[in-house]
Amino acid sequence: GYELIASFVVLLALLVYRIFVLKKQNGLLYGLILGICFGIRPQEILLIGPFALLGFVTLNRKNKAYSILIFSGVTLLWLVPLIKDSGGIHNYIALNWAAANAEGFTHTFSYNLPLAIKGLLLSFGISLAFLVYFLYKLLLGKIKINKRAVIFYLTWIIPGVYFNLFVRSE
């Protein structure tokens, strides 16, 4: 599952980059990939939410409608069977509530550091290599600063860094 979510998060990031930075409209694919990400690991929405929202608000009305329709359809495809297998909506909510209450600050920062590194790799996947390359070129002055690209990277990176360094407790 971790490899799968890492791959789909990178795909979603590519789409959001194309939508927000390059101003390309693709609500169908956006809704599909976001729905798949949400289905693989629903809690990942907390980390990818800011940059996913950035992509969504940049879509035109037609593509927003497409993305909502496709996201809803994909979500229903995995959520309905999951609720059924959980014993119904009340059991599903109770199980998720119990899992959410079990999380918290249970370890020190030094204990969490190896988990944080694993989490950063999970959150950003192979894109970390591209980010390092981008920062290297930026420091050399070979790339001009694109404000939209900076906003995109910050909305992608800050939630994951914060979560993996300060919250992660598994």
Side-chain angles (χ1 to χ4, degrees), residues 1-83 93 96 100 103 116-168:
Y2 284 126
E3 297 84 8
L4 194 58
I5 190 63
S7 300
F8 275 93
V9 166
V10 172
L11 283 174
L12 181 64
L14 175 62
L15 276 169
V16 171
Y17 183 86
R18 290 179 50 78
I19 292 167
F20 182 71
V21 178
L22 302 179
K23 301 179 182 178
K24 306 285 184 187
Q25 297 290 308
N26 197 339
L28 290 170
L29 195 54
Y30 172 84
L32 175 70
I33 299 299
L34 185 60
I36 291 171
C37 285
F38 190 46
I40 295 170
R41 196 163 187 246
Q43 66 269 35
E44 195 73 18
I45 207 77
L46 297 172
L47 301 177
I48 65 174
F51 81 87
L53 185 61
L54 188 67
F56 180 77
V57 298
T58 309
L59 290 170
N60 61 32
R61 283 185 180 195
K62 178 179 163 185
N63 277 284
K64 281 179 184 171
Y66 287 154
S67 70
I68 290 169
L69 182 67
I70 297 298
F71 174 81
S72 299
V74 169
T75 300
L76 286 174
L77 282 173
W78 64 261
L79 186 58
V80 170
L82 182 61
I83 289 172
I93 292 170
N96 280 286
E103 294 297 319
I117 292 168
K118 181 179 101 176
L120 290 171
L121 291 172
L122 171 65
S123 295
F124 309 115
I126 196 162
S127 63
L128 280 176
F130 294 108
L131 178 60
V132 169
Y133 176 77
F134 173 78
L135 292 173
Y136 173 73
K137 289 291 190 178
L138 186 63
L139 290 173
L140 291 178
K142 306 265 184 191
I143 296 175
K144 291 184 181 180
I145 294 179
N146 177 331
K147 289 179 186 176
R148 290 177 84 82
V150 171
I151 292 168
F152 162 77
Y153 279 114
L154 289 176
T155 59
W156 184 11
I157 291 169
I158 289 174
V161 168
Y162 175 80
F163 176 81
N164 287 299
L165 290 179
F166 302 110
V167 178
R168 190 177 194 95

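Starting from 1, each residue takes its place in the sequence as its number. As the structure is a computational prediction, the values presented were derived from the model and not from experiment.
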Report all side-chain donor-acceptor pairs from residues 50-60 shorter than 3.5 Å, counting only partners two or more places apart or in another chain.
from, atom 1, to, atom 2, distance (Å)
T58, OG1, L54, O, 2.7
N60, OD1, K62, N, 3.3
N60, OD1, N63, N, 2.8
N60, OD1, N63, ND2, 3.0
N60, ND2, Q25, OE1, 3.4

Who pairs with [X] by side-chain contact (heavy atoms from CB on, under 4.5 Å), at least two apart in sequence or on another chain?
X	result
I70	L28, L32, V74
L140	Y136, K142
I93	I89

Qualifying residue, where the test is side-chain contact (heavy atoms from CB on, under 4.5 Å) with L29 and the options are L34, L15, L14: L15
Verdict with reasoning, F20 to I151, per side chain to side chain contact (heavy atoms under 4.5 Å, CB included): CA-CA 9 Å; F20 182 71; I151 292 168; 4.0 Å; yes
How long is the span from the [atom1] atom in [X] to the [atom2] atom in [Y], to the nearest 0.5 Å?
X	Y	atom1	atom2	value
R148	L22	CZ	CG	9.5 Å
L11	I33	CG	CD1	5.0 Å
I36	T75	CD1	OG1	10.0 Å

Over all atoms of both residues, closest heavy-atom pair of I5 and C37: CD1-O, 3.5 Å
Partners passing ring-ring contact (aromatic ring centres under 6.0 Å, His included) against F38 (at least two apart in sequence or in another chain): F71, W78
Any residue meeting ring-ring contact (aromatic ring centres under 6.0 Å, His included) with F152, in chain and number order, not counting sequence neighbours: Y17, W156
